[in-house]
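Proteins get letters first, then strands, A, B, ... in listed order; numbering begins at 1 in each. Reckoned from all heavy atoms, side chains included, excluding hydrogens, waters and symmetry mates.
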2 protein chains.
Amino acid sequence: MEAVKAEINKIPRSLSKQARRKQLIEATIKCIAEKGLSGTTMADVTQLAGLSLGIVNLHFQSKEKLLIETLSYISDEYTSGLTKIFNDKNLNTEQKILAHINFDFSRKIIDRNKLAVWFAFWGETKSRPTYLSICASYINEIANNLTALFALLKQEGNYTKVDPELVCTCYTALSDGLWLDLLMTPKGLKPAQAQLVAMHYLATQFPNHLKTRTGI
Amino acid sequence: MEAVKAEINKIPRSLSKQARRKQLIEATIKCIAEKGLSGTTMADVTQLAGLSLGIVNLHFQSKEKLLIETLSYISDEYTSGLTKIFNDKNLNTEQKILAHINFDFSRKIIDRNKLAVWFAFWGETKSRPTYLSICASYINEIANNLTALFALLKQEGNYTKVDPELVCTCYTALSDGLWLDLLMTPKGLKPAQAQLVAMHYLATQFPNHLKTRTGI
DNA sequence: CAACTGAATGAATAACCATTCATTTTTGTG
DNA sequence: CACAAAAATGAATGGTTATTCATTCAGTTG
């Protein structure tokens, strides 16, 4: 009891509002991963954060708003990472595409807790338009950027038969599906293998630029 | 009021146990699609089925069992359809693969209500091992069958560089991702287009057997 | 150090919801 | 038609959980 109290007290009360919100959002991510979206209660979240029951309503007004902020949090993390790559002037087209794939399968992104959160919300988009609208805004932007990169590589490499939009749709669906695999069967597919699968597809479109080793 | 009562009364009370269960499961599918897994209540399900509140516990003992039976129901529908194709002695290898893809994107399977149910449960697999075990059993069987088909086509068509297991992993992830697309952005990707995307990938592996038109 | 401010607490409240079961309705059978 | 068995009903129950807010606490300022 004393030990617990001591540990809790390590967290200063004067954390800025922003930091306290982040602390709660990260507890929410863990909670959704462990108990599911429907099984996540305010008591769970606040206990995991080492704070008191009423704190979520103080900082987020309601549970629903906390959930929305949590989805926005991981969406922003993903989008901003990709935007940075897309705008990096030191990378050429091929390097940007490679960086994009590396990012899609990096530790930060394919963390199983975060994957659980993605799919928890995606599973509810049909019934909750708010969740959908949060996702829709970034999906379009990323697709446009990625399509543009594929179009450039097509030009630069004389891949006359490549359809950039089709490749973008296919790659995006493929990586979503691989994410699902990583979430559901962690004993099966490993992150590095998943990335190779994605590379394998892109190598069929841009064989002179993106090569994969044989086997997975 | 009279009209409602009349309509309800159309459903005979003497429906066999099996049929009543099916009626409730189908109401559950609609409900999960409309309100999400967390938002689905017993009152919702039974009202949608035009029956009384207590009926679920009569036929399924608990809400949790109803949900599990609902997942099993759509899993069985999917698995049995694919098994039938795989065991069809009138189809050659190429035709079986084509039939598999056609089935994956058939109306029956990519019904948005059912897609919503798939993803609702998948989003909770990390926290509910029961859901995972229901899915795990059929996933393996289908993967083995499909890999075997790809291995056969590789042999028959002399595709020396094809890795059947890799192609199976890639195709499966791709179709899962396309399903997600169909669920989340129904205004974007259409079922027929999604199928063409899947075909486009397989055409890169078996170009002499599976061709796609240009464009999506 | 005393007064003040805003952050944090958690007991109390009110709403929601799965489950139970005494009662009613329907069906099939002799 | 009567009667037993089976199926269905829905009011009542009890457990769970989001939200509220009076109170406590920590940090700051003059």
Side-chain angles (χ1 to χ4, degrees), chain A residues 1-2 4-28 31-32 34-70 124 127-128 130, chain B residues 1-2 4-28 31-32 34-70 124 127-128 130:
Chain A
M1 206 53 195
E2 282 305 308
V4 170
K5 205 180 172 195
E7 188 166 351
I8 287 171
N9 286 344
K10 275 182 196 165
I11 300 163
R13 254 197 175 188
S14 58
L15 270 180
S16 75
K17 287 219 172 214
Q18 206 48 43
R20 192 61 91 201
R21 285 166 64 95
K22 191 177 166 186
Q23 183 188 5
L24 286 166
I25 285 172
E26 275 168 0
T28 307
C31 224
I32 291 175
E34 271 168 29
K35 311 204 160 199
L37 197 49
S38 49
T40 294
T41 67
M42 299 293 245
D44 293 329
V45 171
T46 52
Q47 199 179 338
L48 205 62
L51 294 166
S52 67
L53 183 57
I55 195 103
V56 165
N57 292 81
L58 186 68
H59 285 281
F60 293 91
Q61 291 80 57
S62 72
K63 182 186 181 184
E64 183 63 14
K65 278 188 186 158
L66 170 67
L67 294 179
I68 286 170
E69 295 284 318
T70 302
E124 301 250 309
S127 49
R128 305 217 195 176
T130 313
Chain B
M1 207 51 195
E2 281 305 308
V4 169
K5 205 180 171 195
E7 188 167 350
I8 288 171
N9 285 344
K10 273 183 196 165
I11 301 162
R13 253 195 174 190
S14 59
L15 270 180
S16 76
K17 287 221 170 209
Q18 206 49 43
R20 190 64 90 201
R21 285 166 64 93
K22 191 177 166 185
Q23 183 187 6
L24 286 166
I25 285 172
E26 276 169 358
T28 307
C31 225
I32 292 174
E34 272 168 30
K35 311 204 160 199
L37 197 49
S38 49
T40 293
T41 67
M42 299 294 245
D44 292 329
V45 171
T46 53
Q47 199 180 337
L48 205 62
L51 294 165
S52 68
L53 182 56
I55 196 101
V56 165
N57 291 81
L58 186 69
H59 285 280
F60 292 91
Q61 290 80 56
S62 72
K63 182 186 180 184
E64 184 62 14
K65 279 188 186 157
L66 169 68
L67 294 179
I68 285 170
E69 295 282 320
T70 302
E124 301 250 308
S127 50
R128 305 216 193 175
T130 313

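- Residue A/T40 is in sugar-phosphate contact alone, with no base atom involved, counting any heavy-atom pair closer than 4.0 Å across all strands shown.
- Note that the CZ atom of B/R20 and the CG atom of B/L24 stand 7.5 Å from one another [nearest 0.5 Å].
- Between A/V45 and A/K63, every side-chain heavy-atom pair lies at or beyond the 4.5 Å cut-off.
- Between A/R21 atom CZ and C/dA7 atom P the separation is 13 Å, expressed in whole Å.
- Among the heavy atoms of the strands, none lies under 4.0 Å from A/S38.
- Atom CD1 of A/I55 is separated from atom C1' of D/dA26 by 13 Å (rounded to the nearest Å).
- Between the CE atom of B/M42 and the P atom of D/dA11 there is a distance of 17 Å, given to the nearest Å.
- For the pair A/K63 NZ and D/dT19 P, the interatomic distance rounds to 8 Å; values are reported in whole Å.
- Within the 4.5 Å cutoff, side-chain heavy atoms of B/R128 are placed close to those of B/E64.
- Between the CD atom of B/Q61 and the P atom of D/dA7 there is a distance of 13 Å, rounded to whole Å.
- Atom CG of B/N57 is separated from atom C1' of C/dC17 by 12 Å (rounded to the nearest Å).
- For A/T41, the listed nucleotide lying nearest its side chain is D/dA18; candidates were D/dT9, D/dA18, C/dA18.
- Residue whose closest nucleotide on DNA chain C sits further toward the 5' end, between A/L58 and A/L53: A/L58.
- Put simply, CD on A/Q47 is 18 Å from P on C/dA8, counting in whole angstrom units.
- The nearest whole Å value for the distance from the NZ atom in B/K35 to the P atom in C/dC16 is 12 Å.
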Practice problem: Test side-chain contact (heavy atoms from CB on, under 4.5 Å) on B/F60 and B/I68 and set out the steps. | Solution: CA-CA 10 Å; B/F60 292 91; B/I68 285 170; over 6 Å; no

Exercise. Take B/T41 and B/K35 through the side-chain contact (heavy atoms from CB on, under 4.5 Å) test and state the conclusion after the steps.
Key: CA-CA 9 Å; B/T41 67; B/K35 311 204 160 199; over 6 Å; no

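- Checking D/dT20, C/dT9, C/dT19 against every side-chain atom of A/S52, the shortest atom distance belongs to C/dT9.
- The nucleotide whose nearest atom lies closest to any side-chain atom of B/S62 is, among D/dA7, C/dC17, C/dT19, C/dT19.
- In terms of phosphate contacts, B/H59 brings no side-chain nitrogen or oxygen within less than 4.0 Å of OP1 or OP2 of D/dA7.
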